[in-house]
Amino acid sequence: MPDFIAISDLPRFLDQPVKLRGWIRAIRSSGKIRFVELRDGTGDCQCTVEAAYAEAFAALEGCGQESSVEICGVSRAEPRGPGGVEVSAREVRVLHQAEAYPIARKEHGVDFLMQHRHLWLRSPRQAAILRVRHRIIQAARQFFDDNGFTLIDTPIFQPGAAEGAGTLFEVDYFGDPAFLAQTGQLYLETAAMALGKVYCFGPTFRAEKSKTRRHLTEFWMIEPEIAFYELEDLEALSEEFLSQIVQAVLTHNRADLELLERNVAALENIRAPFPRMTYSEAVDFLHDPGLHEKLEAELEAERGRLGEIRKAISETETQLGQVTKAWKVEKLGNDLKALKEQAGELERWLANRPAHIEDAKNFQWGKDFGGDEETILSNQFERPLIVTEYPREVKAFYMKQNPADPRTVRNLDVLAPEGYGEIIGGSQREDDLQTLLDRMAEEGMDPEPYQWYLDLRRYGSVPHGGFGLGIERTVSWICGLKHIRETIPFPRLMGKMMP
RNA sequence: UCCAGCGUGGCUCAAUGGUAGAGCGGGUGACUGUUAAUCACUAGGUUGUAGGUUCGAGUCCUACCGCUGGAGCCA
């Protein structure tokens with residue numbers, strides 16, 4: 001008898017004795033035969049246990065969902081089993097008989113699932129997201145490692161704000177105030193002056209009171225910082241970086257994307273070059289009558305989609321009249337509710353859209369883009385959109401003033417397609433000491449605690465820059481999720497920390 | 001913080017102001033090919049909390065608590 005094998009390896013062990021171990025995802029009985037859907041983290045496999053194997057059959061008595069078991073049996077090709085391979089069990093050893101498992105194989109409310117996040121992770125969909133998350137992180141690090149970057153760990157306890165204060169978590173540090181890092185950037189700049197190309201990867205914290213599908217209070221960010229890099233270099237880097245991440249997911253996690261019902265074709269499009277525009281060009285674009293026509297056409301198309309949803313609603317209602325089984329009635333009822341929600345959401349969108357178009361027409365140079373403008377801009381492209389050179393006033397003090405136009409800075413934002421918003425933000429950094437001091441004064445900042453940072457501009461200052469990629473927003477986009485809470489094992493949301 | 005919506009068995013939901021129910025899950029039994037199996041039986045409730053209106057409140061009113069969605073801010 002061989003050692004335990006992973007379910008994912010099962011096709012290599014056809015018609016052989018095998019030993020599996022894992023958890024029961026579902027169990028059904030039909031008198032003298034039991035069907036066990038076993039999962040082990042690598043895949044799912046149906047095992048049949050016949051009453052002829054009396055001990056094995058009896059062992060499963062009272063075993064419900066998520067009981068842990070070891071199963072020895074013989075594998076065989078079986079089209080009736082999910083995955084095409086089935087194991088006929090000869091021996092079953094129950095490791096632990098689970099109590100009644102709270103998460104049933106049916107729809108649940110978000111609140112309930114969030115309270116059971118520790119168990120929810122066992123669901124196929126959540127596991128698929130976590131695998132894609134892992135791939136994204138792995139590919140991101142691989143990209144930097146392959147391109148001569150050195151990983152630098154920046155501190156999580158930090159003395160002050162890199163960007164606007166008031167959005168930081170304050171902690172007591174032996175009687176003095178300290179703050180949880182919202183970026184490793186300032187420290188990373190020092191390391192870039194030592195090692196040239198560096199990156200950091202770690203958790204960051206924002207105390208913003210944002211309750212939206214795009215916000216977490218604790219999230220992970222990967223940030224490269226490179227000496228002698230200017231804005232154009234950063235644009236090229238971000239483009240190559242994102243392309244490779246997406247391609248890695250497509251190569252290794254296709255099954256996960258399919259399970260998530262992600263539109264894979266949209267991801268296959270994500271290759272350099274990405275469209276680029278400056279902030280000023282973006283503002284002109286928002287004012288362009290051609291865009292308004294396109295948006296009106298889009299509005300028409302969405303009205304058509306609303307019609308389709310309404311058709312689906314009436315079809316579901318018809319089906320509902322034909323079904324008698326109570327749980328099927330319930331399921332169709334849930335489908336109907338979801339469709340109605342979708343229709344409602346679309347109706348609201350359609351109602352607000354003319355105002356958004358109006359806002360776009362009237363957008364004034366100098367304001368920061370809101371979510372609506374970002375969405376309008378990025379929706380015009382099938383690839384991520386790189387927007388550069390924003391007005392100085394809306395951006396952080398350390399960003400390099402644009403020599404060609406001092407009203408703007410040499411920064412970049414990368415907006416994901418399909419309305420997923422900003423996934424990368426970065427800039428070339430101000431390398432001139434006096435300009436930086438002036439800028440800090442403009443912001444009312446005390447330069448004293450930043451002397452170490454200013455030293456970089458005193459001892460061999462060079463052009464340099466970097467950016468940060470938000471892992472969770474990237475996961476959300478690549479997986480096509482509706483809410484960022486599913487992108488991280490234990491999301492920290494405003495006012496929510498359990499489990 | 002502001003606006004909107006929702007709180008009924010473990011879960012998902014029903015119930016004109018008039019005796020609180022169903023399905024799933026749990027338990028018991030039947031069934032050798034199930035895919036959320038099917039069939040029968042069974043246990044399980046102070047309807048978020050506190051007041052109020054009423055002969056009578058799950059249902060109406062007020063406050064609070066919790067959750068969800070959206071806005072601002074951001075990755």
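Protein chains get the first letters and strands the later ones, always in sequence-line order, with residue 1 at the start of each. Note that this is a predicted model, so its numbers are computed, not measured.
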N/O donor-acceptor pair, side chain [X] with base [N], under 3.5 angstrom:
| X | N | answer |
| --- | --- | --- |
| R473(A) | C74(B) | yes |
| T167(A) | C73(B) | no |
| E86(A) | G33(B) | yes |
| H108(A) | C11(B) | no |
| S29(A) | C31(B) | yes |

If you measure from the [atom1] atom in [N] to the same atom in [M], how many Å do you get, rounded?
| N | M | atom1 | value |
| --- | --- | --- | --- |
| U59(B) | G18(B) | C1' | 11 Å |
| A50(B) | G9(B) | P | 15 Å |
| G23(B) | A15(B) | C1' | 15 Å |
| C13(B) | G72(B) | C1' | 35 Å |

Verify the ring-centre separation between [Y] and [X]: is it less than 6.0 angstrom?
| X | Y | answer |
| --- | --- | --- |
| F369(A) | Y279(A) | yes |
| F381(A) | F274(A) | no |
| F241(A) | F144(A) | yes |

Closest-nucleotide mapping onto RNA chain B: is G62(A) or E107(A) further toward the 5' terminus? I mean the 5' end.
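It is E107(A) whose nearest nucleotide is closer to the 5' end.
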Which is more 5' along RNA chain B, the nucleotide nearest L469(A) or the one nearest K32(A)? Just name the residue.
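Nearest-nucleotide comparison on RNA chain B picks K32(A).
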Answer yes when K367(A) and E373(A) have at least one side-chain N-carboxylate O distance shorter than 4.0 Å, and no when they do not.
no
Under 4.0 Å between any heavy atoms, over every strand shown, what does [X] touch: base, sugar-phosphate, or nothing? Just pick one.
| X | result |
| --- | --- |
| H116(A) | nothing |
| R25(A) | nothing |
| R34(A) | nothing |

Strictly by Watson-Crick or wobble contacts shorter than 3.5 Å, is anything paired with [N], and which nucleotide is it?
| N | answer |
| --- | --- |
| G56(B) | none |
| G17(B) | none |
| G48(B) | C64(B) |
| U1(B) | A71(B) |
| G33(B) | none |
| A22(B) | U12(B) |

W327(A) side chain near U38(B) phosphate (N/O to OP1/OP2, under 4.0 Å)
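Indeed, a polar side-chain atom of W327(A) lies that close.
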Under 4.0 Å between a side-chain N/O of R485(A) and OP1 or OP2 of G69(B), yes or no?
yes
Let's see if you can work this out: which of A71(B), U12(B), A75(B) has an atom nearest to the side-chain heavy atoms of K211(A)?
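When the side chain of K211(A) is considered, A71(B) is the closest of A71(B), U12(B), A75(B).
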Over-ring placement of R34(A) relative to F57(A), 6.0 Å and 45° cut-offs
yes
Could you tell me which non-hydrogen atom of Q247(A) sits nearest to which non-hydrogen atom of I270(A), and how far apart they are?
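Where Q247(A) meets I270(A) most closely, the heavy atoms are NE2-O, 3.4 Å.
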